[in-house]
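For reference, the structure discussed in these notes is given below.
Numbering of residues begins at 1 and proceeds along the displayed sequence.
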Amino acid sequence: MLLTNLDGISLIDHDGTIQYENIKPTGDSLWMRPAAIHDFDGDGIAEYATSSDDHYAVYEASGAILWSALVDDESGLAAGTAFDFLGDGKAEAMYADENTLWAFDDNGAPHISVPRSSRTFIEYPVVADVDNDGSGEIVVVSELGYDNVQTAPTVQVYRDADDRWIQPRRIWNQHTYHVTNVREDGTIPQFEPRHWERLNTFRTNAQIEGGSVCQPRPAG
């Protein structure tokens, strides 16, 4: 179990054994921010990403920093997400701080940086095939910042200019989204498959192989 709280990051085994407790690898003071889990470096093993005052970082399961990037988010409890846009086995990490939507490559360099504004609390960017065209899009929201200025539309959807991004599902239904919690048509399974056995990801979307249009098609 991965736990983030005010005191840092903790990792606890299924039997209650504490692997490490309240570590603060970047040295920042605030850590109570939700994490995302994915294979960020293409080694076949899941890493996790979470933010602190001035950094968004990806960590190995050991707690070692894989990479760290500067962000501007001293105010909130915002989360990040991830998606393998290029289908190369390395997920891009995404984070929306008080002023910018970021998408980072496997070395922590920004692929995408676009203006947005927020006092940041629980929001985070999500990835879905919102127009059912077989290519993923990024959805990010904005609101008034601390200077009472909103620098971007309330909801923005970004796509690759040539629609080359790998296709995700069309749905993202909750803050703790983990794919197996909801079906493609929006219905909820009575008995949810164990996502850590099938995907071993959290707050990321699943890829749909072959580039076909999602089924079933939406009504109308």
Side-chain angles (χ1 to χ4, degrees), residues 2 4 9 25-28 31 33-73 76 78-116 118 120 123-130 133-142 152 156-169 172 177-179 199-209 211:
L2 179 65
T4 59
I9 305 171
T26 63
D28 293 333
W31 288 85
R33 307 182 184 199
I37 298 172
H38 209 297
D39 180 3
F40 288 93
D41 59 3
D43 65 354
I45 301 173
E47 292 82 31
Y48 63 88
T50 190
S51 65
S52 47
D53 291 13
D54 300 314
H55 298 88
Y56 192 69
V58 172
Y59 301 89
E60 301 283 2
S62 64
I65 297 176
L66 181 63
W67 58 257
S68 177
L70 290 174
V71 294
D72 183 11
D73 192 14
T81 187
F83 189 70
D84 181 5
F85 287 99
L86 305 178
D88 59 2
K90 302 175 183 179
E92 284 71 37
M94 285 166 288
Y95 191 73
D97 67 17
E98 294 176 17
N99 302 297
T100 307
L101 163 68
W102 301 97
F104 302 100
D105 68 12
D106 57 305
N107 294 310
H111 268 328
I112 298 171
S113 60
V114 294
R116 57 93 66 164
S118 175
T120 69
E123 79 274 20
Y124 59 88
V126 303
V127 175
D129 184 3
V130 301
D133 67 348
S135 179
E137 289 83 34
I138 303 172
V139 183
V140 65
V141 299
S142 291
Q156 297 179 91
V157 178
Y158 291 96
R159 66 177 180 89
D160 177 68
D162 297 316
D163 286 331
R164 294 166 297 182
W165 287 345
I166 297 295
Q167 182 184 17
R169 303 173 84 203
W172 191 299
Y177 178 77
H178 47 273
V179 180
L199 299 165
N200 202 24
T201 62
F202 196 73
R203 291 193 177 93
T204 73
N205 220 335
Q207 296 178 349
I208 297 175
E209 299 297 331

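A salt bridge links Arg33 and Asp73; the closest N-O separation between the charged side-chain nitrogens and carboxylate oxygens is under 4.0 Å.
The two residues Met94 and Ala103 come nearest to each other via the heavy atoms CG-CB, 3.8 Å. Residues Ala93 and Phe40 share a closest heavy-atom pair of CB-CE2, 3.6 Å. Between Glu137 and Val130, the shortest heavy-atom contact is OE1-N, 2.9 Å. Between Gly87 and Ile166, the shortest heavy-atom contact is N-CG1, 3.4 Å. For the residue pair Ala36 and Gly80, the shortest heavy atom distance occurs at CB-O, 3.6 Å. Minimum heavy-atom separation, Ser51 to Tyr95: OG-OH, 3.1 Å.
In this structure, Phe83 and Gln207 have side chains that are in contact, with non-hydrogen atoms separated by less than 4.5 Å. Taking the side chain as every heavy atom from C-beta outward, Phe104 and Tyr56 approach each other to under 4.5 Å. At least one side-chain heavy atom of Val141 sits under 4.5 Å from a side-chain heavy atom of Arg116. Using a 4.5 Å cut-off on side-chain heavy atoms (C-beta onward), His178 and Ile37 make no contact. At least one side-chain heavy atom of Glu47 sits under 4.5 Å from a side-chain heavy atom of Asp39.
Here Ile138 contributes atom CD1 and Ile112 contributes atom CD1; the two are 4.0 Å apart, rounded to the nearest 0.5 Å. The CZ atom of Arg164 sits 8.5 Å away from atom CG of Leu86, with the distance rounded to the nearest 0.5 Å. From Glu92, atom CD reaches atom CG of Asp105 across 7.5 Å, with rounding to the nearest 0.5 Å.
Between Tyr59 and Trp31, the angle of the ring planes lies from 30° to 60°, which puts this pair in the tilted group. A tilted orientation is assigned to the rings of Trp165 and Phe85, their planes being inclined by 30° to 60°.
Panel note: side chain Asp28, backbone Asp54; a donor-acceptor pair is recorded below 3.5 Å. Within the 3.5 Å criterion, the main-chain N or O of Ile45 finds a donor-acceptor partner in the side chain of Asp43. Panel note: side chain Arg159, backbone Ala161; a donor-acceptor pair is recorded below 3.5 Å. Formation of a donor-acceptor pair under 3.5 Å by the Arg203 side chain with backbone atoms of Ala35 is found in this model.
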Please walk me through it: do Trp67 and Val58 pass side-chain contact (heavy atoms from CB on, under 4.5 Å)? CA-CA 6 Å; Trp67 58 257; Val58 172; 3.4 Å; yes

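Side-chain atoms of Thr26 and Ser52 form a donor-acceptor pair, as typed in the model, at a separation below 3.5 Å. In this model, no donor atom of one side chain and acceptor atom of the other lie less than 3.5 Å apart for Trp172 and Asn205.
When the options Asp84, Val179, Thr204, Asp129 are evaluated for a side-chain contact (heavy atoms from CB on, under 4.5 Å) with Pro168, the one that passes is Asp129. Exactly one residue among Thr120, Asn99, Thr100 makes a side chain to side chain donor-acceptor pair (under 3.5 Å) with Asp72. That residue is Asn99.
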